[in-house]
There are 2 protein chains.
Amino acid sequence: MNKIRPYRQIIECLRGAGLRPTRQRMALAKMLFEGEGRHVTAEVLHNESISNGVSVSLATVYNTLNQFTAAGLLREIVVDGERSYFDTTTTDHHHFFHTNTGELEDIMADDVIMQNLPVPPMGTKITSVNVIVRVSPA
Amino acid sequence: MNKIRPYRQIIECLRGAGLRPTRQRMALAKMLFEGEGRHVTAEVLHNESISNGVSVSLATVYNTLNQFTAAGLLREIVVDGERSYFDTTTTDHHHFFHTNTGELEDIMADDVIMQNLPVPPMGTKITSVNVIVRVSPA
DNA sequence: ATTAATGCAAAATCTTTGCACTTTC
DNA sequence: GAAAGTGCAAAGATTTTGCATTAAT
């Protein structure tokens with residue numbers, strides 16, 4: 001339903017974060033944002049990039065993912081200590097984690113989960129709330 | 001309020017998991033279960049052990065934590081990709097994560113959060129639900 | 001031309017493993 | 001004494017970093 005994020009917007013956002021729209025960044029951005037709700041690891045994105053004939057080093061993929069995250073284009077999701085996932089959906093939502101395949105899947109915001117937030121400890125404020133629902137084959 | 005977990009029970013549980021109650025395991029168990037609701041990393045537990053004059057290698061601490069987790073004495077909590085936390089409370093509950101200090105804190109079960117679970121994807125069943133509420137100094 | 005980004009390999013972390021030695025049963 | 005556990009160091013895995021080269025403004 002949603003339109004894919006237009007290039008212009010990506011370039012804007014990169015510029016806003018002080019990042020030049022280089023060939024590699026634009027190529028990675030294209031792969032990331034042409035679809036919707038992608039959940040990628042650095043390795044997956046690197047492989048995809050190579051497959052598409054775009055030569056990028058793994059280090060650059062890591063750097064780029066971190067820069068995109070800092071710029072607000074991506075959100076980092078921690079599910080297991082093994083690897084970092086980056087989610088192209090940056091609005092509030094939660095995840096199913098398929099423990100057998102290692103895949104992440106969005107939980108639609110409509111499947112309301114959070115009813116009342118807990119009171120944060122004295123002297124602290126809530127930064128974010130993360131819900132991971134682990135699922136396995138029935 | 002709760003009584004600390006008696007040694008007998010630990011030994012039983014270890015035996016049940018086919019683990020011999022060795023000096024190192026008992027020492028680590030003592031440190032872990034004498035208090036309540038501890039959240040330790042391997043490194044913290046290792047340091048604590050050394051401080052208490054119990055010589056244990058870091059590798060053994062890792063192995064022991066994993067074995068205890070497999071035996072159901074501990075629960076592993078994933079908050080950031082940097083390190084693994086092990087929680088001595090194995091009943092269902094969720095956590096505050098102090099992003100500045102790296103500390104984990106239990107959210108009392110009474111601060112009800114989950115009202116209705118989302119429907120798991122076709123062909124899958126829910127294994128566990130994990131809520132991490134990140135907090136930082138106000 | 002200036003300034004920043006890239007790539008590679010090396011470093012840094014955290015965690016696991018292999019193997020000789022020690023402890024438990 | 002047989003079987004399992006421990007310790008150390010080395011290996012693994014993921015992510016970051018340093019520096020020379022390349023590309024962007």
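Reckoned from all heavy atoms, side chains included, excluding hydrogens, waters and symmetry mates. Remember, predicted model here, so these are calculated numbers, not experimental data. The chains referred to below are lettered A, B, ... by the order of the sequence lines, with proteins before strands, and numbering in each begins at 1.
- The two atoms that bring A/Lys125 and B/Pro137 nearest to each other are NZ-O, 3.1 Å, heavy atoms only.
- A side-chain donor-acceptor contact under 3.5 Å links B/Asp87 to the backbone of B/Thr89.
- Here the C1' atom of nucleotide D/dA23 and the CG atom of A/Leu14 are 16 Å apart, to the nearest Å.
- Neither OP1 nor OP2 of C/dT6 sits under 4.0 Å from any side-chain N or O of A/Thr60.
- Of the charged side-chain nitrogens involved, none lies within less than 4.0 Å of a carboxylate oxygen, so that A/Asp106 and A/Arg38 do not count as a salt-bridged pair.
- Under 4.0 angstrom from either OP1 or OP2 of C/dT6 there lies at least one side-chain N or O belonging to A/Thr22.
- Nucleic acid contact for B/Asn63: base, since at least one base atom lies under 4.0 Å from a heavy atom of the residue.
- In B/Glu76, the CD atom is crowded: over 12 heavy atoms of neighbouring residues, nucleotides or ligands sit closer than 6.0 Å.
- A straight line from CG of B/Asn66 to P of C/dT15 spans 9 Å, rounded to a whole angstrom.
- Counting only heavy atoms from C-beta on, B/Leu58 has its side chain closest to C/dT15 among C/dT15, D/dT15, D/dG7.
- In plain terms, the two heavy atoms of A/Leu32 and A/Leu65 that are nearest each other are CD1-CD2, 4.3 Å.
- Partners of A/Val79 by side chain to side chain contact (heavy atoms under 4.5 Å, CB included), not counting sequence neighbours, listed by chain and number: A/Ile77, A/Tyr85, A/Phe97, A/Leu104, A/Ile132.
- Nearest nucleotide to the side chain of A/Ala59, out of C/dT23, D/dA24, D/dT16: D/dT16.
- If you measure from atom CG of B/Leu28 to atom P of D/dG5, you get 14 Å, rounded to the nearest angstrom.
- Ion pairing between A/Arg134 and A/Asp80 fails under the 4.0 Å rule for side-chain N and carboxylate O.
- One interatomic measurement links the two molecules: CD1 of B/Ile11 to P of C/dC25, which rounds to 9 Å at whole-angstrom precision.
- With hydrogens and angles ignored, a donor-acceptor pair under 3.5 angstrom links the side chain of B/Arg20 to the base of C/dT24.
- D/dT14 atom C1' lies 16 Å from atom CG of A/Leu45, rounded to whole Å.
- Nearer the 5' end of DNA chain D, as judged by each residue's closest nucleotide, is the contact made by A/Glu43, out of A/Pro21 and A/Glu43.
- Applying the 4.0 Å criterion to OP1 and OP2 of C/dG7, one finds that A/Gln24 has a side-chain N or O inside that range.
- Of the side-chain N and O atoms in B/Arg25, none sit less than 4.0 angstrom from OP1 or OP2 of C/dT24.
- A/Tyr62 has no side-chain polar atom (N or O) that falls below the 4.0 Å cut-off from OP1 or OP2 of D/dT16.
- In this structure, B/Glu76 atom CD and C/dC14 atom C1' are separated by 12 Å, rounded to whole Å.
- One interatomic measurement links the two molecules: NE2 of A/His46 to P of D/dA13, which rounds to 17 Å at whole-angstrom precision.
- Each end of the helix from C/dA1-D/dT25 to C/dC25-D/dG1 gets its own axis from five base pairs, and the two axes differ in direction by 30°, given to 10 degrees.
- Taking side-chain N and O atoms only, B/Arg15 has a distance below 4.0 Å to OP1 or OP2 of C/dC25.
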